[in-house]
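I have placed the structure first, in the form of structure tokens, so that the comments after it can refer back to it.
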Amino acid sequence: MSYIKLDYQYSNIPIEDILEYKEEIKKIHNELHEKSQDEREFLGWLTLPTTYDKKEFERIKKAAQKIRKDSEVLLCIGIGGSYLGARAIIESLTHTFYNYGKGNGPQILYVGNNLSPNYMNDIIDMIGEKSVSINVISKSGTTTEPAIAFRIFREFLESKYGIDEARKRIYVTTDKEKGALKTLATEEGYEAFVIPDNVGGRYSVLTAVGLLPIAVTGIDIDRLMIGAKIAEDKYKDDNLKYNECYQYAVLRNILYKNDKNIEILVNYEPKMHYFTEWWKQLYGESEGKEKKGIFPTGVDFTTDLHSMGQYIQQGRRNLFETVLAVDNPNIDITIKQDEDNLDGMNFVAGKTLDYVNKKAMEGTIEAHVTGEVPNIVIHLEKLEEEAIGSLIYFFELSCAISGKLLGVNPFNQPGVEEYKKNMFRLLGKSGY
């Protein structure tokens with residue numbers, strides 16, 4: 001079964017141009033799969049839907065159940081890939097107002113992703129007297145933002161519950177053997193989960209990094225992994241003609257060579273806002289190197305048609321759009337006839353809101369393509385676990401292929417360290 005369909009008819013790129021990359025794609029495909037079992041390579045995500053640690057997976061579900069029983073709030077402490085993937089999936093698969101009383105589990109509050117005292121104090125105020133647990137996520141335990149947040153909220157938890165009870169409410173996701181956070185977890189007896197050595201942060205959402213907070217909300221992580229496994233099996237085909245995941249990677253690179261160096265991920269579903277944020281990190285951090293790379297950004301339509309729509313329609317022509325189209329809504333509304341028709345909207349009476357949204361999407365694609373903005377459409381069957389699991393894997397794999405086509409290493413991020421050096425020097429850290 002397939003949950004994803006690629007439609008590139010609006011890209012103005014014929015299949016013949018795509019298939020010119022056939023041999024290059026086959027070479028990259030073979031290279032990735034041959035190295036996927038090498039623990040020194042950051043390719044563990046490639047077979048993760050098949051090879052994930054089943055025992056740890058059961059521990060994750062057990063810990064999630066405990067948190068659901070004894071906590072009204074889960075603080076998810078992490079930055080970048082340590083929280084974006086979890087938040088993307090949680091917001092796409094739960095009630096829009098999950099954190100405002102419409103969820104069937106603890107509130108999920110995200111900290112350690114900025115250094116704002118206003119934000120931190122607002123989180124403390126939001127918690128109030130509620131029962132709380134912490135999931136701190138960091139490979140090393142020394143990344144500035146989450147390390148500071150953990151200091152603050154570890155003390156908060158120990159003051160609230162005492163040291164012994166706080167230990168039972170702190171869950172650590174970190175390196176298997178080394179690092180400051182692993183050392184602390186061992187000394188304090190915190191329950192610990194593993195960030196695999198061969199899975200980089202932005203590819204880690206289907207490990208304990210994302211799965212624990214996701215499971216706490218009641219999302220079925222078994223179904224999520226089934227969807228990812230379906231995608232893994234589907235996109236093992238090294239024949240570019242039949243592999244839509246690889247086709248998307250090629251399309252991006254053809255457009256890039258045609259001076260389309262900004263890609264806008266478009267959605268028509270507010271639940272997908274943080275999916276875009278995860279996607280931006282995945283592609284930006286993977287490809288933005290050596291003065292190369294497509295700049296990834298995103299918009300929420302139809303909302304942003306009233307802010308960014310003008311630029312996209314008539315601004316610089318260095319853009320292309322990738323549209324995430326959710327084919328089937330989880331629930332719909334039929335618009336009723338109004339006798340007075342003062343708003344002049346009776347022409348949509350009897351139609352569903354999803355139908356109107358789809359026509360807005362079709363009209364926008366037509367307008368932007370006419371305005372020389374190529375469009376790629378990725379159809380997602382529905383917002384459900386299997387489909388989202390498939391989409392996560394689709395984008396991870398296509399990102400790896402796209403980065404290799406671009407000629408960069410899609411698994412490192414050397415530029416991220418530059419701001420840290422300056423910050424540490426300005427803060428007076430020795431050695432900087």
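Cys76 contributes atom SG, which lies 10.0 Å from atom CG of Leu109 (distance to the nearest 0.5 angstrom). A distance of 11.5 Å separates SG of Cys399 from NZ of Lys404, quoted to the nearest 0.5 Å. Atom CG of Asn114 sits about 8.0 Å away from atom CD of Glu145, to the nearest 0.5 Å. Here the straight-line distance linking atom CG of Asp237 with atom OH of Tyr242 works out to 8.5 Å at 0.5 Å rounding. The NE2 atom of His273 lies 4.5 Å from the CD atom of Glu277; values are rounded to the nearest 0.5 Å. Interatomic distance, Lys22 NZ to Asn243 CG, rounded to the nearest 0.5 Å: 12.5 Å.
Checked by atom type, the side-chain pair Lys130/Gln107 shows a donor-acceptor distance below 3.5 Å. In summary, the side chains of Thr322 and Glu263 do present a donor paired with an acceptor at a separation below 3.5 Å, with no hydrogens or angles considered. Between the side chains of Ser11 and Asn375, no donor-acceptor pair is found at a separation under 3.5 Å. Residues Ser36 and Glu41 bring no donor and acceptor atom of their side chains to less than 3.5 Å of each other. For the residue pair Asn267 and Glu269, no side-chain donor N or O sits within less than 3.5 Å of a side-chain acceptor on the partner.
Within 6.0 Å of the NZ atom in Lys27, the count of heavy atoms belonging to other residues, nucleotides or ligands does not exceed 12. Shown here is Glu188, whose CD atom has more than 12 heavy atoms of other residues, nucleotides or ligands within 6.0 Å. Other residues, nucleotides and ligands contribute only 12 or fewer heavy atoms inside 6.0 Å of the CD atom of Glu366. Counting heavy atoms of neighbouring residues, nucleotides and ligands inside a 6.0 Å radius, atom CD1 of Ile333 does not exceed 12 of them. Heavy atoms from other residues, nucleotides or ligands lying under 6.0 Å from NZ of Lys358 number more than 12.
In this structure, Ala86 and Val205 approach most closely via the heavy-atom pair N-CG2, 3.8 Å. The shortest heavy-atom contact between Glu244 and Lys234 is OE1-NZ, 3.9 Å. Closest of all the heavy-atom pairs between Ala192 and Arg59 is O-NH2, 2.9 Å. Pairing each heavy atom of Trp278 with each of Leu84, the nearest pair is CB-O, 3.9 Å. Looking at every heavy atom in both residues, Ile137 comes nearest to Val209 through CD1-O, 3.6 Å. Of all heavy-atom pairs spanning Ala360 and Thr302, the tightest one is CB-CG2, 3.8 Å.
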One pair to check against salt bridge (Lys or Arg N to Asp or Glu O under 4.0 Å): Glu31 and Lys35. What are the steps and the verdict? CA-CA 6 Å; Glu31 176 191 337; Lys35 293 181 178 179; 3.7 Å; yes
Please test Asp197 against Lys139 for salt bridge (Lys or Arg N to Asp or Glu O under 4.0 Å), starting from the C-alpha separation and ending with a verdict. CA-CA 9 Å; Asp197 288 336; Lys139 184 74 169 171; 2.8 Å; yes
Please assess Glu381 against Lys5 for the test side-chain contact (heavy atoms from CB on, under 4.5 Å), listing each intermediate value before the final yes or no. CA-CA 8 Å; Glu381 184 178 305; Lys5 182 180 178 182; over 6 Å; no
As a quick check of understanding, evaluate side-chain contact (heavy atoms from CB on, under 4.5 Å) for Tyr83 and Val111, giving each step before the final call. CA-CA 9 Å; Tyr83 93 103; Val111 292; over 6 Å; no
What verdict does the side-chain contact (heavy atoms from CB on, under 4.5 Å) test give for Ile77 and Asn135, after you've listed the backbone C-alpha separation in whole Å, the side-chain angles of each residue and the deciding distance to 0.1 Å? CA-CA 6 Å; Ile77 301 178; Asn135 179 205; over 6 Å; no
Just do the ring-ring contact (aromatic ring centres under 6.0 Å, His included) check on Phe57 and Tyr52 with the steps written out, would you? CA-CA 8 Å; Phe57 192 80; Tyr52 68 93; 4.9 Å; yes
Go through Glu177 and Asp175 one step at a time and tell me if the side-chain contact (heavy atoms from CB on, under 4.5 Å) criterion holds. CA-CA 6 Å; Glu177 297 178 348; Asp175 191 89; 4.1 Å; yes
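A donor-acceptor contact shorter than 3.5 Å is absent between the side chain of Thr143 and the backbone of Pro146. Of the possible donor and acceptor atoms, one in the side chain of Thr217 sits under 3.5 Å from a partner among the backbone N and O of Ile214. Between the Tyr268 side chain and the Asp300 main chain, no donor and acceptor come within less than 3.5 Å of each other. Under the 3.5 Å distance criterion, the side-chain polar atoms of His29 are left unmatched by any main-chain donor or acceptor of Ile25. Without hydrogens or angle criteria, Lys292 side chain to Val408 main chain gives no donor-acceptor distance under 3.5 Å. The closest donor-acceptor contact from the side chain of Ser286 to the backbone of Pro410 lies under 3.5 Å. Side chain of Thr174 to main chain of Ser138: a donor-acceptor pair is present (N/O by atom type, distance under 3.5 Å, no hydrogens or angles). In this structure, the side chain of Arg169 engages the main chain of Asp70 through a donor-acceptor pair within 3.5 Å. Checking side-chain atoms of Asp220 against main-chain N and O of Glu385 turns up no donor-acceptor pair under 3.5 Å. Without hydrogens or angle criteria, Thr334 side chain to Thr352 main chain gives no donor-acceptor distance under 3.5 Å.
With respect to the salt-bridge test (charged N to carboxylate O, under 4.0 angstrom), the residues Glu362 and Lys359 qualify. A salt bridge does not link Lys55 to Asp53: none of the charged side-chain nitrogens sits closer than 4.0 Å to a carboxylate oxygen. Using a 4.0 Å cut-off between a side-chain N of Lys or Arg and a carboxylate O of Asp or Glu, Arg202 and Glu396 do not qualify as a salt bridge.
Residues Tyr235 and Tyr246 place their aromatic rings such that the two centres sit no closer than 6.0 Å. Checked against the 6.0 Å centroid threshold, Phe42 and Tyr203 do not count as a close aromatic pair. Two rings, from Trp279 and Tyr283, have their centers less than 6.0 Å apart.
When the options Leu46, Leu43, Thr47 are evaluated for a side chain to side chain contact (heavy atoms under 4.5 Å, CB included) with Gln37, the one that passes is Thr47. With Thr297 as reference, Ile262 is the one residue of Ile262, Leu265, Thr276, Leu319 to meet the side chain to side chain contact (heavy atoms under 4.5 Å, CB included) rule. For the side chain to side chain contact (heavy atoms under 4.5 Å, CB included) criterion with Val377, the lone passing option out of Val266, Asp7, Leu324 is Asp7.
Geometrically, Lys102 does not engage Tyr100 in a cation-pi contact defined by less than 6.0 Å to the ring centre and at most 45° from the axis.
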